[in-house]
Amino acid sequence: MAASSCSGAVTFYPCSSTKLCKHTSFSLHPTCSSSTCTTEQPSNNNNNQKFSYSRASPSVRWPHLKLHELYPPPQTHFTRVIESPPSVKNESSLDENSVEDDVRAVTDNDESREVLGKISRTRVKKMTKLALKRAKDWRERVKLLTDKILGLREDQFVADVLDKRAVQMTPTDYCFVVKWVGKESWQRALEVYEWLNLRQWYSPNARMLATVLAILGKANQESLAVEIFTRAEVSVENTVQVYNAMMGVYARNGRFSKVQELLDVMRKRGCEPDLVSFNTLINARLKASVMVPNLGIELLNEVRISGLRPDIITYNTLISACSRESNLEEALKVYKDLEDRKCQPDLWTYNAMISVYGRCGLSDEAEQLFKELESKGFFPDAVTYNSLLFAFAREGNVKKVKEISDEMVKMGFGKDEMTHNTIIHMYGKKGQYELALQLYRDMKLSGRNPDVVTYTVLIDSLGKVDRVSEAANVMSEMLDAGVKPTLRTYSALICGYAKAGKRVEAEETFNYMRRSGIRPDHLAYSVMLDISLRFNESKKAVVLYREMVHDGFSPDHALFETMLRVLGREKEVENIGKVVRDMKELCGMNHQTISSILVKSECYDHAAEVLRLAIHNGCELDRENLLSILSSYSLSGRHSEALELLEFLKEHDSESNSLITEALITVLCKVNRLDAALKEYINTWRFGFFSNSKMMYESLIHSCEENERFAEASQVFSDMRFYNVESSEYVYRCMVLIYCKMGFPETAHFIADQAENKGIVIGDFSVYVDIIETYGRLKFWQKAESFVGNLKQRCETVDRKIWNALIQAYAASGCYERARAVFNTMMRDGPFPTVDSVNGLLQALIVDGRLDELYVVIQELQDMDFKISKSSILLMLDAFARAGNIFEVKKTYNGMKAAGYLPTMHLYRVMIGLFCKGKRVTDVEAMVSEMEEAGFKPDLSIWNSILKLYTGIEDYKSTVQVYQKIQEAGLQPDEDSYNTLIIMYCRDRRPEEGLSLMHEMRKLGLEPKLDSYKSLISASGKQQLLEQAEELFEELRSKGRKLDRSFFHTMMKIYRDSGNHCKAENLLSIMKEVGVEPSIATMHLLMVSYGSSGQPHEADKVLNNLKETGLNLSTLPYSSVIDAYLKNGDYNIGIQKLMEMQKEGLEPDHRIWTCFIRAASLSQQTSEAILLLNALRNTGFDLPIRLLAEKSELLVAEVDHCLEKLQPLEDNAAFNFVNALVDLSWAFELRATASWIFQLAVKKSIYCHDVFRIADKDWGADFRKLSGGSALVGLTLWLDHMQDASLEGYPESSKSVVLITGTAEYNRVSLNSTLKACLWEMGSPFLPCKTRSGLLVAKAHSLRMWLKDSPFCLDLELKDAPSLPELNSMQLIDGCFIRRGLVPAFKDITERLGIVRPKKFARLALLPAVKREKAIQADIEGGKEKLEKMKKNFKLRRMNTRKFLKRKYVRRDIISKQGKNRLK
């Protein structure tokens, strides 16, 4: 019999008392109602059905006490063949001996008392001679009838013997006949009993009834016993022995409720229970369910409360129950109570305790108790040895088992069937099946007949390891030996066939079992149902399931799930409904469990229906079941239905809000609706809900990781730890990776250590690799090194990826030597380095800037037979590209191609990007052609690099062509493309096109960069598109874009140049509103704005405001104010401001010097210039005045020394100073001085070395950023060099010579206008470029001829005038710094004729004023006449065209008429 686990408490309720004891009532409060009982089928051949263990009987152990009648040989039933050890039969002593006592206690008449006498339980009563004779007579009579009855054939009846009345029998004699016959055949005993009841002379008695009930109980014929008890209950007086016998029948099958019910009936009928009754009740309670904590002590106390004292049978019953359940704690408590109550234990008590220790794996304690038996006055018997043997066999201790079995033989007990079965079972569990079979064969050779247990153990062991053929052979041997298989035997063989997938053999065995009269149990039905379902035989499965339910069994949850899944696939809707009803009605499953099984079986519609029905009926939601349902929905992809179900639950079950919210969060995570899941999660804390759902936390963390919401994942993990929710290995692994991605490797390291301390092994080495790589990225190579050291101590071998990660960590910090040490360790100890290891070494050198050692390491690796991979070459090439080393890039690239490695798209991208940065136009174009030939098409990033290249070299035509190629290739320009094009248009002074491109960019959803806005605003200002610039600026402000000072400074410059000084001043308040504090530079711009507008006093006010703020002012704001006064011609005030500055403790620096020198260069008269320069001399700086007054050649060293001091200073101090000095020298005809100052500036790199490009035979010149005087000096020097080249035939005729003047103004001076005026005056062949502004172009042949023939080029030597002129030789007019004598002619020509060709300008400029007036007037009139003539010619041409067309049409008409006439 096997009982399912359930817990309950037994409580005694005291009632009215009697003389002996209090009237009591037993009650049980179970928490689990389901129980499963296994009943053995009856058999006529008792030897073949049950395992008889004769040495368990006291009459065998102590034969001198003559206890044959008091202790008949007990029957031992193996209810769990595989798992249970040899049971201590205290229950048998209770079931049999208590009934025996009851039978002896019933005396119907004096004769029976005389015959039997009163038998003592502790000693043999001395009999008289007459009693002894009578006793011998009744034994002979009973033996005679017993032998005749048992000798009957199957077709004969008991009445054939009893009707003959061969001997005189008393009622007591008939009781012993029934008892002795019942030992062999319960059917014949029942037949005797029925024969007696049919005799009129027979009067039913309690003793006979108790005897029959005892026999039927032993034969597990509960239904017959109940029928006989019910039928005889009226005619028999209420005796405690009869009730005890019936309770014993129920107790054998663990029917505790029936026993308790019968006990209550006893009390109602005035029959007081005795100690045997309570012992029987306790036995039933312990068989019905598992022992809960302290249950044994509670039962003992309740017996005492009832006025009875527990005897040794009570204690043995409790300890035996503890042995069955391996409950050592309860057994020790009961045993301690036994000792405390002075109840003398017997050998069965110690045997039970040894069995408990053995079952609990405490073989040493079992052995210790075994050794103490002799000191306690007991000698071990066969049960003792077998219990100890099982303790060590359970542990698989073969050596100890052999020692005990040898000692057992030595003590005279011998290896019996129990011993052999235990050892065979041990070998089976250890997988030593050959030894088990050998022991089985030895057992038969030694004369021991294997019993059913032996065969069952062998069949079960062989079936478990797929040796089912051998198991079948053992079954055949069993049948040949005449041993009848039991239910367990058949079940073991069926399980073996099922495991091997032999469906037919399993079905045959199952059918044979049923034909042999054995009813299948739960296991047999379950295995057969499972194998039918596995082979998709749904019809057979349904029939088998119906039989199973009819016999009182039901499948477990997994089997229900499998069956429903098969039925679902077959669309058996009706059968599914029946199964669901059985689950509810027969199995007592609640709706949640049924729904969970249905969902796992993929019967989603039925599952949802059951769950909704449960909620409607007010059932409480079960957490795990609901999560299982939702998980099954999720795995099948039915997320929407899961959400609908949760919404339904939310509406109808307000008490489970927390559970539903957890499930909702889990499902939302699975459907990747993380924001909604986080919102629900936050709401749980807001409303005070606490959740310990591991699934919810894992889902949130997993979803956050997938969506890269690392901060949220960290917060969820913190909440998880705060509420002590145990993390799984998956959570630990996720959080390590998340913290690595967040850049917190220390935290990731701590979490990994914490997981290992909790026994959670993170088996994925990639986690450790991530920690090391993160340490490396953060340059914490020491911690990475320590981490790997700890791993090396914990692990026998370190994975190659770990070593490579450490090399990469060293490489990230440029620690080449350490990386090389790890590499050498791998070479020496393994694992062998890979390409990643080699690349790590190269990367270490690259990071450390030791690019020159790369080829050395490559050579070393090649010497070590390493083949340099393509990735290594690409790594080197990329490093040289980042370093801008074009030579090494080309060299590596050519070597790669020579090694047979083909370039990749990435390689082309890197190289083209490098060439673009180096402005290597030819190389870029060649590389693009090469990649197109190789079958690669340039992607957008390559075209963007080329766009930037052409924009940077101001080849705007090629830039537009590249943009057209992007469109032709079907590529969609991105932000970089549009931003580059916008900047290109701005630089080309085409802001309108840049603005339209910006609008196009926005339509595509792309947002321009701030630099693009800044370029557009600046270009719009330069093109005097003030409104457009203001709109762009206001647009940025309205969008809330964060603008820095540069935007406000740009707008100030635009307002300054346009004369809107009020708006420039308003920008200050706007700056403060948006949180941008005006700096000194801002105030400087404002003051410059006022100065350029001729409002020096306003600039002075700004300076005074700055002084009031208490800031430490530099000379910058003073220079702005002084420059404003000097530009306005207020020289005296400017000098006064200079003196004020000195009084305030500020010494004049390069800014003040440059202001005064520049003002002197633009002054009208020499005296004014000297006044300004003397003011500087008074402050301690006399170099400028000395240049005018003294011989300049003597001041070269001083100028050189001055420039050396100014060169390191910011704000282009030396550049501005040189420009001012050259302007001053040129203005006052110190041209030689201006020349050597200019050349000194070039020598000291203050001016660019490529001002002249004659040495490179480019023949052009670049005058941008020079001042007016410096540009004129440079032009003169360039013409001088070009004149020498022209004598040698250069430049060649096919070329054009370009002078770059730029379009910007420098201190109100336009180089383009200044140089054009000079060249036009000379009649040069230079003309403005038609495609690009800021360029002057001349054909080489024309320039060469002009340099040879022009009188202006005859003497280009720069000389100083012998004395200073009274007036400045230069004058600034509309941004043009030209010779003062040329001003009248320049005004006449430009104002009246506009822009004319240089030769015409030179011819007009050389004429006297009167003649020039006539020539200009004639030119104007001639132009008018020419225009009129052109108009007249145009009209005539139109008239002639019309006449021609008219004549053509007339001609056609005439021809057509003539043709018609001819036809007529």
Pair R882 + D878, salt bridge at N-O below 4.0 Å:
yes

Tell me whether D770 is salt-bridged to R733, with the criterion being a basic N under 4.0 Å from an acidic carboxylate O.
no

So, for [X] and [Y], which heavy atoms are closest and what is the spacing to 0.1 Å?
{"X": "K870", "Y": "P903", "result": "NZ-C, 4.5 Å"}
{"X": "N839", "Y": "S871", "result": "ND2-OG, 3.2 Å"}
{"X": "E773", "Y": "A805", "result": "CG-CB, 4.1 Å"}
{"X": "M864", "Y": "M827", "result": "CE-CE, 3.4 Å"}
{"X": "A752", "Y": "I771", "result": "CB-CD1, 4.2 Å"}
{"X": "L674", "Y": "S703", "result": "CD1-OG, 3.5 Å"}

Would you check if the side chain of [X] reaches a backbone N or O of [Y] as a donor-acceptor pair within less than 3.5 Å?
{"X": "S766", "Y": "V769", "value": "no"}
{"X": "S714", "Y": "F710", "value": "no"}
{"X": "N707", "Y": "R709", "value": "no"}
{"X": "D939", "Y": "I942", "value": "yes"}

Can you find a pair of side-chain heavy atoms, one from [X] and one from [Y], that are under 4.5 Å apart?
{"X": "M720", "Y": "V716", "result": "no"}
{"X": "I858", "Y": "M876", "result": "yes"}
{"X": "M911", "Y": "L877", "result": "yes"}
{"X": "Y768", "Y": "D799", "result": "no"}
{"X": "V889", "Y": "V910", "result": "no"}
{"X": "P831", "Y": "W803", "result": "yes"}

Hydrogens and angles aside, do [X] and [Y] bring a side-chain donor and acceptor to less than 3.5 Å of each other?
{"X": "N944", "Y": "S941", "result": "no"}
{"X": "Q808", "Y": "N804", "result": "no"}
{"X": "Y775", "Y": "E785", "result": "no"}
{"X": "T774", "Y": "R777", "result": "yes"}

With a cut-off of 6.0 Å (strictly less than), are more than 12 heavy atoms of other residues, nucleotides or ligands near [atom1] of [X]?
{"X": "R673", "atom1": "CZ", "answer": "no"}
{"X": "K917", "atom1": "NZ", "answer": "no"}
{"X": "K1039", "atom1": "NZ", "answer": "yes"}
{"X": "K792", "atom1": "NZ", "answer": "no"}

[X] side, atom [atom1]; [Y] side, atom [atom2] - distance, nearest 0.5 Å:
{"X": "M735", "Y": "I751", "atom1": "CE", "atom2": "CD1", "result": "5.5 Å"}
{"X": "L1006", "Y": "D976", "atom1": "CG", "atom2": "CG", "result": "10.5 Å"}
{"X": "L678", "Y": "C669", "atom1": "CG", "atom2": "SG", "result": "7.0 Å"}
{"X": "C734", "Y": "E729", "atom1": "SG", "atom2": "CD", "result": "9.0 Å"}
{"X": "L861", "Y": "F823", "atom1": "CG", "atom2": "CZ", "result": "5.5 Å"}
{"X": "R820", "Y": "I807", "atom1": "CZ", "atom2": "CD1", "result": "10.0 Å"}

For I738 and I701: C-alpha separation, side-chain torsions, deciding distance, then whether side-chain contact (heavy atoms from CB on, under 4.5 Å) applies.
CA-CA 9 Å; I738 285 171; I701 290 173; 4.2 Å; yes

Before giving the answer on side-chain contact (heavy atoms from CB on, under 4.5 Å), spell out for R359 and L328 the whole-Å C-alpha distance, their side-chain angles and the decisive distance to 0.1 Å.
CA-CA 9 Å; R359 284 172 177 267; L328 178 62; over 6 Å; no

Fit a plane to each ring of [X] and [Y], take the angle between them on a 0 to 90° scale, and name the class: parallel (under 30°), tilted (30 to 60°) or perpendicular (over 60°).
{"X": "F744", "Y": "Y739", "value": "tilted"}
{"X": "Y681", "Y": "Y697", "value": "perpendicular"}
{"X": "H749", "Y": "F787", "value": "perpendicular"}

Centroid-centroid distance, F866 to F832, less than 6.0 Å
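Yes, the ring centres sit under 6.0 Å apart.
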
Under the side-chain hydrogen bond (donor to acceptor under 3.5 Å, both in side chains) test, residues paired with H702 that sit two or more places apart:
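For H702 the side-chain hydrogen bond (donor to acceptor under 3.5 Å, both in side chains) partners, ignoring immediate neighbours, are E706, Y730.
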
Stepwise side-chain contact (heavy atoms from CB on, under 4.5 Å) check, N979 with M1001
CA-CA 9 Å; N979 285 316; M1001 182 180 182; 3.9 Å; yes

Checking S1012 against K1009 for the side-chain contact (heavy atoms from CB on, under 4.5 Å) test, could you report, in this order, the C-alpha distance in whole Å, the side-chain angles of both residues, the deciding distance, and whether it holds?
CA-CA 5 Å; S1012 300; K1009 293 182 179 179; 4.2 Å; yes

Can you run down the salt bridge (Lys or Arg N to Asp or Glu O under 4.0 Å) pairs that involve residues 737-746, sequence neighbours left out, and say none if there aren't any?
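Every salt bridge (Lys or Arg N to Asp or Glu O under 4.0 Å) pair that includes a residue of residues 737-746, provided the two are not neighbours, is E746-K783.
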
Return a table of donor-acceptor pairs under 3.5 angstrom between the side chains of residues 841-851 and protein atoms on other chains or two or more places apart.
unit_1: D848; atom_1: OD2; unit_2: R850; atom_2: NH1; d: 3.1
unit_1: R850; atom_1: NE; unit_2: E853; atom_2: OE1; d: 3.4
unit_1: R850; atom_1: NE; unit_2: E853; atom_2: OE2; d: 3.0
unit_1: R850; atom_1: NH1; unit_2: E817; atom_2: OE2; d: 3.3
unit_1: R850; atom_1: NH2; unit_2: E817; atom_2: OE2; d: 3.2
unit_1: R850; atom_1: NH2; unit_2: E853; atom_2: OE1; d: 3.0

